[in-house]
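Contents: one structure, followed by commentary.
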Amino acid sequence: MHRMTLDHPPECAVPALRVQPVNDAPLCETGSLVLYWMTAARRPFWNFGLERAAAWSAALQKPLVILEALRSGYPWASDRLHRFIMDGMAANARHFKNTAAAYYPYIEDAPDAGKGLLAALADEAALVVTDDFPAFFLPRMLAAAARILPVRLEKVDGNGILPLGAAQEPFKTAYAFRRFLQRSLPSHLFERPPVDSLAVRELMAADLPAAVTKRWPPADPDLLEGRRSLERLPIDHRVEPVAQTGGWDEARIRLDVFLEEKLAVYAELRNQPTADVTSGLSPYLHFGHISSHEILHALMQQEEWFFDRLAGTSRGGKEGWWGMSAGAEAFLDQLITWRELGFNFCATRKDYDQYESLPPWALKTLEDHAMDPRPYLYSPEQLETAQTHDSLWNAAQRELVREGRLHNYLRMLWGKKILEWSPTPREALRIMVEFNNKYALDGRDPNSYSGIFWILGRYDRPWGPERPILGKVRYMSSANTLRKLKVQEYLKRHGNPQNGEVGGGRGEE
DNA sequence: ATCGGCTCGCGCAA
DNA sequence: TGCGCGAAGCCGAT
């Protein structure tokens, strides 16, 4: 018989540093299944959480059930976000159908209708494995689950290449984090999840518990596949779906296209807003439709990279550490340094979304300029509907509202202007968070907060000369951006025909 | 076109 | 104790 006092299942590829028990409840010997509650890593491949659950399933000889639920009551729930997540669920359903595991997609179709589902499944389970994600409502949801579940609940960190547990403190600059990575990352570089955790083991065939599915019916495939409209769901229907499709399969296509067609010119052209050489993977990373491990692995293969290419000495520099092409190094600085810097902050600071989390110099200088007159003041409605005097800013806002994304470089300018045009820095922060989380597919992510708080000084340094409103916080101007970037095509694409804002290179200041 | 100054905090060499 | 340096800046001088 199997020993139920095990802390870790045998034959499991998940490093101990990535696993944490969330409650004190024991394994339940009489449980009839192992439950993987998929919340952040919504994918069948390269998934540490799934690996852990599958290892338990094999060790305990109990079938594996995968619950992927989508609530309707979370902040900013909309057709846009639901559609993208459900695309991913449809792709997962198609994949898991051919495996021993039982996939349980659930869409909450009325407020709080899903309440009790997790607990009901956990009642049948020997233990529950779930994903660790350090931002948005997920930490709170997990803490609530920990209080009510009668069996062992484990969270598994499959977020990045560096385990969240590897650093206990936040970093003040990307430079400092890069130095840390260059010391610490080599030992984690090859601690990868299996590509397919279900295919590498013999698992018992699983069925969904009928009593549970009777009360909480699995999602209608027509709804997941987009053949049925979302109009009856209690979510915001005014934020419409975008043209792109979510899911691990779509993510993989984008990765292939990026590596094949864009990487070579990425370093040179990524700041040009219409060059279209970025990966576009950020929403897929956000919802866990693709793993950084898969991306890094593909990049290593493409670059024919070996471990001994790593530079032994590097002092936090952006280039030259990996020993890859310029495009690959620039991309890895985004994927690993910047992305994981944000995860580190959220994981180590509970107040990651609070104004007070800004560095002291930024708080002070913004306070010093709190009473400065604001030459331009716009209401949230004027900003949301892109009704400002600045046509470049309006174009960026329209791209966000219509397409659910905001170009990397322009999003900095976008935020700096919101700071200038708002009555207080706190109000500017509120507006940025609201618009970003409401409209951006990749919003509500640790990196959303990195990007937004960077506007206000996080990870940055003071810059002279001291200016009105921003004080010593780095200033950016639309006029200079117009000079530096080729924005003609961008303005044409996102201009407002009714204002004659088409093809014009105007943008005041 | 390029350069320095603006300004703070930190790691590291001395 | 001093020095170098930092997500993409800005501006004026040369």
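A, B, ... follow the sequence lines: proteins, then strands. Residue 1 opens every chain.
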Worksheet item: Considering only side-chain heavy atoms of A:Trp454, which listed nucleotide, B:dT7, C:dA7, C:dC10, is closest?
Response: C:dA7
Considering only nitrogen or oxygen atoms on both sides, find all protein atoms under 3.5 Å from nucleotides 3-6 of chain C and state each distance.
none

Worksheet item: Can you check whether A:Arg461's main-chain N or O pairs, donor with acceptor, with A:Trp463's side chain at less than 3.5 Å?
Response: yes
Worksheet entry | Lys/Arg N to Asp/Glu carboxylate O, A:Asp460 vs A:Arg474, below 4.0 Å | yes
Worksheet item: Which of the following nucleotides, C:dA8, C:dC10, B:dG11, is nearest to the side chain of A:Arg179?
Response: B:dG11
Worksheet item: For the pair made of CD1 in A:Ile455 and C1' in C:dA8, what is the distance, rounded to whole Å?
Response: 12 Å
Item to complete: Would you indicate which nucleotide in C:dA7, B:dC6, B:dC8 comes nearest to any side-chain atom of A:Trp361?
Response: B:dC8
Item to complete: Using the six-membered ring of A:Phe45, assess whether NZ or CZ of A:Arg252 lies under 6.0 Å from its centre and within 45 degrees of the ring axis.
Response: yes
Worksheet item: When the P atoms of B:dC3 and C:dG6 are considered, how many whole Å apart are they?
Response: 16 Å
Worksheet item: Out of C:dA8, C:dC10, B:dC8, which nucleotide sits closest to the side chain of A:Met476?
Response: C:dC10
Worksheet entry | Between P of B:dT7 and CZ of A:Arg467, the distance in whole Å | 12 Å
Response to the item:
Expected list for residues 363-374 of chain A near DNA chain C, using heavy atoms below 4.0 Å, is none
Worksheet item: Just to confirm, is there a sub-4.0 Å distance from OP1 or OP2 of C:dC10 to any side-chain nitrogen or oxygen of A:Asn480?
Response: yes
Worksheet entry | Whole-angstrom distance between B:dG4 and C:dG4, as gauged at atom C1' | 16 Å
Worksheet item: When you check the gap from the basic side-chain N to the acidic O, do A:Arg374 and A:Glu420 get nearer than 4.0 Å?
Response: no
Practice prompt. Report yes if at least one side-chain N or O of A:Lys172 is closer than 4.0 Å to OP1 or OP2 of B:dC10; otherwise report no.
Written response: yes
Practice prompt. For the pair A:Glu384 (side chain) and A:Phe435 (backbone), establish whether a donor and an acceptor sit closer than 3.5 Å, ignoring hydrogens and angles.
Written response: no
Worksheet item: Once you round it to whole Å, what is the distance between P of B:dG9 and CZ of A:Phe171?
Response: 19 Å
Worksheet entry | Distance, C1' atom - from C:dA8 to B:dG11, rounded to whole angstrom | 24 Å
Worksheet entry | C:dC3 to B:dG5 separation - P atoms, rounded to the nearest Å | 14 Å
Discussion item. Distance check, P atoms only: C:dC10 and B:dG9, in whole angstrom units.
Written reply: 23 Å
Worksheet item: Between A:Asp79 (side chain) and A:Leu230 (backbone), is there a donor-acceptor pair under 3.5 Å?
Response: no
Worksheet item: When the ring planes of A:His389 and A:Tyr376 are compared, do they come out parallel, tilted or perpendicular, using 30° and 60° as the limits?
Response: parallel
Practice prompt. Could you tell me the separation between the NZ atom of A:Lys416 and the P atom of C:dA7, rounded to a whole number of Å?
Written response: 14 Å
Item to complete: Could you state the atom-to-atom distance from CG of A:Leu358 to P of B:dG9 in whole Å?
Response: 14 Å
Worksheet item: Just by distance, do the side chain of A:Arg83 and the backbone of A:Leu224 share a donor-acceptor pair under 3.5 Å?
Response: yes
Worksheet entry | A:Gln382 side chain to A:Ser379 backbone, donor-acceptor under 3.5 Å | yes
Worksheet item: Given side chains that start at C-beta, do those of A:Ile66 and A:Leu50 come closer than 4.5 Å, heavy atoms only?
Response: yes
Practice prompt. To the nearest Å, give me how far apart CZ (A:Arg483) and P (C:dC10) are.
Written response: 9 Å
Discussion item. Between A:Asp333 and A:Arg178, does any NZ, NE, NH1 or NH2 come within less than 4.0 Å of an OD or OE carboxylate oxygen?
Written reply: yes
Practice prompt. Choose from C:dA8, C:dC10, B:dT7 the nucleotide whose nearest atom is closest to any side-chain atom of A:Arg270.
Written response: C:dA8
Worksheet, complete the sentence: Here the distance between atom P of B:dC10 and atom CD of A:Glu169, to the nearest Å, is 12 Å
Worksheet item: Of all heavy-atom pairs between A:Val242 and A:Arg80, which one has the smallest distance, and what is that distance?
Response: CG1-NE, 3.5 Å
Response to the item:
Symbol by symbol from the 5' end, with Watson-Crick or G-U pairs under 3.5 Å, [ ] crossing and | another strand, DNA chain B is ||||||.||||||.
Discussion item. Could you tell me how far apart A:Asp460 (CG) and C:dC10 (P) are, to the nearest whole angstrom?
Written reply: 12 Å
Fill in: Any donor-acceptor N or O pair under 3.5 Å, side chains A:Tyr36, A:Asp131
yes
